[in-house]
Amino acid sequence: MFTLSQLHDYAELCILMRMLCASTSHLLSLAGLAPADLGGMLDTAADLKADRALHDRALGGRAVLMHFTKPSTRTRLSFEAAIARLGGHPVFASADQLQLGRGEPIRDTARVISRYAAAIVVRTHAHADVEEFARWSSVPVINALTDTHHPCQALADLLTVRERFGALAGLEVAYVGDGNNVAHSLIEACALAGMHVRVACPEGYRPLPAVAEAAVAVALRTGGSVTITGDPVAAVTGACAVYTDVFVSMGEDDRRAQKLADLALYRVDDALMALARPDAVFLHCLPAHRGEEVTESVLEGPQSAVFDQAENRLHTAAAVLLRLAAS
Ligand code: CP
Ligand code: NVA
């Protein structure tokens, strides 16, 4: 006879064994990647960008399911274009179009979609929900943004920096503002690439300690470093890229006034940009809120690389799909 708690432990063990034995690779965050995986992904993206016909039948007409519970311009459209680019068929379904919105569990939804699609691309709030998709899906699950991670964005960010400055190892990158999902994935990506990332956030808005500590451990192996500071000047001085993101993320509108007040000194303006290397680029995942996290003059200025960055979402999305979902 088993107790209920033993049965629960046994069920968890079975799930863990399934995950360990499964050959399916997912992209939920960059934390589990090896440096070579990241480099390979960026190389693939660069190849796909250079030759628009390369691998154009890789998905063989198969469907890729896109399930988003938050709005999106770049991620949704770049993935839809990337799926078409690789000869696949994008199918978009918001929560209210799926039985998921009426309470069907993720575990059932994921197993059903796995029978139809080559991959599942998910944007939602709780990171645990994409983990639950991955736990039950037999096809790759790709995180298109959760409240804590945005790995596909960070791939495009690094491709953009690499295009401007060449080899990534040793480059210095500053992130200024809210230590949010975009910051987490950037930190993880920079650590994997052996870069020096300096993140300036006020108290209460720093990246999650678990993310920062894991990235520090990775950076120790790759020759990079991760610095968390309260001082935007210290973060930006000498950097080759200065990055910020919105101060109020999706789902945080009830905290809007407080966040804008707390983060006001972390706006990227011309004076802050002037402390970076003269050839530094300004990066922003977009959408931008001019006058909040960045001034109009920086966003529209000659150092801004934000539209190259946005374009690179397409090429990195195609690289992710090619490496995870093409047979
Ligand atoms: N950068 C980014 O993820 O943009 P969207 O919210 O428009 O997808
Ligand atoms: N931090 C932002 C990123 C949007 C692409 C958000 O989560 O809304």
Side-chain angles (χ1 to χ4, degrees), residues 27-30 45 64 66-83 90 92-95 120-130 142-161 175-189 199-202 204-208 211 241 243-256 258-260 262-263 266-268 281-290 292-294 299 304-321:
L27 182 66
L28 306 188
S29 77
L30 298 178
V64 174
M66 316 258 304
H67 169 59
F68 285 34
T69 68
K70 292 173 173 174
S72 172
T73 298
R74 281 141 290 268
T75 309
R76 175 175 174 177
L77 300 182
S78 64
F79 263 98
E80 291 195 359
I83 293 160
F92 185 86
S94 59
I120 309 175
V121 182
V122 182
R123 168 172 285 201
T124 194
H125 287 276
H127 194 73
D129 285 352
V130 293
I142 297 166
N143 177 2
L145 179 143
T146 59
D147 289 347
T148 52
H149 290 87
H150 199 1
C152 298
Q153 179 66 52
L155 294 174
D157 303 339
L158 261 53
L159 182 62
T160 308
V161 173
Y175 177 95
V176 180
D178 190 14
N180 60 15
N181 43 10
V182 167
H184 288 155
S185 291
L186 182 73
I187 292 167
E188 291 176 345
V199 178
C201 313
Y205 294 93
R206 296 192 166 199
L208 291 172
V211 171
Y243 199 133
T244 192
D245 181 20
V246 290
F247 287 165
V248 185
S249 285
M250 290 179 277
E252 295 184 333
D253 288 324
D254 54 340
R255 298 170 58 203
R256 181 172 179 76
Q258 186 67 55
K259 290 198 79 175
L260 292 185
D262 292 345
L263 288 156
Y266 291 77
R267 178 178 307 129
V268 178
V281 289
F282 171 72
L283 299 176
H284 192 309
C285 58
L286 304 178
H289 288 218
R290 291 163 168 82
E292 291 183 8
E293 74 278 2
V294 59
L299 188 73
S304 179
V306 300
F307 295 105
D308 288 345
Q309 208 183 341
E311 178 188 337
N312 284 336
R313 295 297 309 275
L314 169 64
H315 309 300
T316 46
V320 169
L321 289 163

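From a predicted model like this one, the values you see are computed outputs, not experimental measurements. Whatever order the structure lists ligands and atoms in, that order sets their numbers, starting from 1.
- When only modelled atom types and interatomic distance are considered, D308 and T160 share no side-chain donor-acceptor pair under 3.5 Å.
- Considering every non-hydrogen atom in both Q309 and L283, the closest pair reads OE1-CA, 3.4 Å.
- Among all protein heavy atoms, the one lying closest to atom 4 (C) of ligand 2 is L145 CD1, 3.9 Å.
- Any N or O atom pair closer than 3.5 Å counts here, and H150 shares no such pair with ligand 2.
- Look at K259 and E292 and you find no salt bridge, because none of the NZ, NE, NH1 or NH2 atoms lies under 4.0 Å from a carboxylate O.
- Between K70 and D147, at least one side-chain nitrogen of the basic residue sits less than 4.0 Å from a carboxylate oxygen of the acidic one, meeting the salt-bridge criterion.
- Annotation for H184 and P207: closest pair NE2-CA, 3.5 Å, computed over non-hydrogen atoms.
- The shortest N or O to N or O distance between M250 and ligand 2 is under 3.5 Å.
- Scanning all protein heavy atoms for the shortest distance to atom 7 (O) of ligand 1 gives T73 N, 2.7 Å.
- Contacts between D147 and ligand 2 below 4.0 angstrom, taking non-hydrogen atoms only, are absent altogether.
- Between L321 and F79, some side-chain heavy-atom pair lies under the 4.5 Å cut-off.
- For ligand 2, the atoms closer than 4.0 angstrom to any heavy atom of L286 are 5 (C).
- For ligand 1 and R313, the ligand atoms under 4.0 Å from any heavy atom of the residue are 1 (N), 2 (C), 3 (O).
- For a threshold of 3.5 Å applied to N or O pairs, the pair formed by K70 and ligand 2 contains no separation below that value.
- Here the closest non-hydrogen pair linking A156 and R313 is CB-CD, 3.5 Å.
- Formation of a donor-acceptor pair under 3.5 Å by the Q258 side chain with backbone atoms of R255 is not found in this model.
- Counting heavy atoms under 4.0 Å from ligand 1, residue L286 touches it through the backbone alone.
- Ranking protein heavy atoms by distance to atom 7 (O) of ligand 2, first place goes to N181 ND2, 2.8 Å.
- The protein heavy-atom contact nearest to atom 3 (C) of ligand 2 is D245 OD2, 3.6 Å.
- For ligand 1 and H150, the ligand atoms under 4.0 Å from any heavy atom of the residue are 2 (C), 3 (O).
- When non-hydrogen atoms are compared, ligand 2 lies under 4.0 Å from the side chain of V246 (C-beta onward) but not from its backbone.
- Contact between V248 and ligand 2 is absent, with no heavy atom of the residue lying under 4.0 Å from the ligand.
- Pairing each heavy atom of E293 with each of A288, the nearest pair is OE2-CA, 3.4 Å.
- Looking at R123, K70, R74 and measuring to atom 6 (O) of ligand 1, the nearest heavy atom belongs to R123.
- The cationic atom of R76 (NZ for Lys, CZ for Arg) lies less than 6.0 Å from the six-membered ring centre of F92 and within 45° of the ring axis.
- Per-residue contacts place C285 under 4.0 angstrom from the following atoms of ligand 1 (heavy atoms of the residue considered): 1 (N).
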